[in-house]
Enquirer: 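This structure is in structure tokens; I'll ask about it shortly.
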Amino acid sequence: MKKIILTGDRPTGRLHVGHYVGSLRRRVELQNSGEYDEIHIMIADAQALTDNADNPEKVRQNISEVALDYLSCGIDPEKTNLLVQSYIAELTELTFYYSNLVTVSRLQRNPTVKSEIQMRGFHSSIPVGFFTYPISQAADITAFKATTVPVGEDQLPMLEQAREIVRSFNSTYDEVLVEPKALLPENQVCSRLPGIDGKAKMSKSLGNCIYLSDDPEDIRKKVMSMFTDPNHIRVEDPGSLEGNTVFTYLDAFCKDELFAEHLPEYQNLQEMKDHYTRGGLGDVKVKKFLYQVLMEELSPIQARRKELEKDVPAVMEILRKGSIAAREIAANTLSEVKEAMKINYWSE
Ligand code: TRP
């Protein structure tokens, strides 16, 4: 069986370093591993509209922003197909048929949707499109017969829903769809990078993100304002690593080689942590080092982005070509689906 990856993001903002360690960095590795027959990355604009119906301009503007972030991180359109969800009309058709296989109570149990409803304050005015987006996401995944879906932990309920739909479809009609598996980030730190304020999640509305495309001066300011150990008042005081955002970021970004160049008094992160917990290492020094560590990783990405930004129409053209190719794949799956459902009256 072919090994096929599909994953995606809602275009509601530029991507931040949480996206980077949680998924982008991994996608580039998977792309370059040569182990997959097909890789598709979807800019999920239709899904973004399920809770941004009144803000189409935001979604529109972020299509190219997200694509620029992908390409500057090393996603290569020769190896990875980039597509825009709304172009693939077949996805909405699949969603309609799959919705017969899912109950309202099943949708109500989806923990990620539940917490999103809370966060967005929908109360009892939940848009139907938003409520049913897990079905649409199952269409995204199954249209490409994806076997592997690299996602963060919060997307596991979507994968479970997709797998149930596949099993139900295949047993009710015919063995057409493929059950996908989630591929989670390698470790806990990368799965949920906190915001600079130490809050659980980086989020635009909390204003606690470091964006991949922030300029270096902004990044420096954000790093210097990061949450650390509130009880670590004097340099001599022993510091705590627990919930210490600066160290969490170092866990996600630091490579031991970087000490030799930027902070040769330590050989590795463990030595630095030991000094911090013993006392005698100040927050400012750790923050300055973190800034350098971040810029080592982000500078090449930002340089590529600057180049790509000079020709946004070329980026849109990559998306257009990718969407056309994707549409063909989805159309094939849809015709197999309709045949299995016996609604293929004129295609025999
Ligand atoms: N729900 C995902 C998010 O919020 C975006 C997404 C849409 C997606 N369709 C997908 C992810 C299919 C993986 C597979 O980021």
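Computed over heavy atoms, backbone and side chain alike; hydrogens, waters and symmetry mates excluded. Sequence positions, counted from 1, serve as the residue numbers for this chain. Every number for a ligand or one of its atoms is a count from 1 in the order of the listing. Owing to the predicted nature of the structure, the values given are computational and were not obtained by experimental measurement.
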Enquirer: Please state which protein non-hydrogen atom is closest to atom 2 (C) of ligand 1 and give its distance, to 0.1 Å?
Expert: Q155 OE1, 3.4 Å
Enquirer: So, is T7 polar-close to ligand 1, with some N/O to N/O distance under 3.5 Å?
Expert: no
Enquirer: May I ask you to identify the nearest protein heavy atom to atom 14 (C) of ligand 1, giving residue, atom name and distance to one decimal place in Å?
Expert: L6 CD2, 3.6 Å
Enquirer: Flag the pair F289 / Y266 as yes when their ring centroid distance falls below 6.0 Å, and as no otherwise.
Expert: no
Enquirer: Can you tell me if T245 uses its side chain to pair, donor with acceptor, with the backbone of F227 under 3.5 Å?
Expert: yes
Enquirer: Taking heavy atoms and a distance under 4.0 Å, where does Q85 meet ligand 1: side chain, backbone, both or neither?
Expert: neither
Enquirer: Starting from atom 4 (O) of ligand 1, what is the nearest protein heavy atom, named by residue and atom, and what distance separates them?
Expert: R10 NE, 3.2 Å
Enquirer: Tell me: protein heavy atom nearest atom 8 (C) of ligand 1, and distance?
Expert: Q137 NE2, 3.4 Å
Enquirer: In Å, rounded to the nearest 0.5 Å, how long is the span from CG of D283 to NZ of K285?
Expert: 12.5 Å
Enquirer: Starting at OG of S323, measure out to CD1 of I88 and round the result to the nearest 0.5 Å.
Expert: 5.0 Å
Enquirer: In terms of atom number and element, which parts of ligand 1 are under 4.0 angstrom from non-hydrogen atoms of A44?
Expert: 7 (C)
Enquirer: Let me confirm one number: the CG-CG distance from L298 to D215, rounded to the nearest 0.5 Å.
Expert: 12.0 Å
Enquirer: Taking 4.0 angstrom as the limit and counting only heavy atoms of V151, give me the atoms of ligand 1 inside it, by number and element.
Expert: 13 (C)
Enquirer: Working to the nearest 0.5 Å, report the span between CG of L30 and NZ of K79.
Expert: 12.5 Å
Enquirer: Do any N/O atoms on Q47 end up under 3.5 angstrom from N/O atoms on ligand 1?
Expert: yes
Enquirer: Is D140 in polar range of ligand 1, meaning some N or O pair under 3.5 Å apart?
Expert: yes
Enquirer: Is I41 reachable from V84 through a run of I, L, V, M, F, W or Y residues, each pair having side-chain heavy atoms under 4.5 Å apart?
Expert: yes
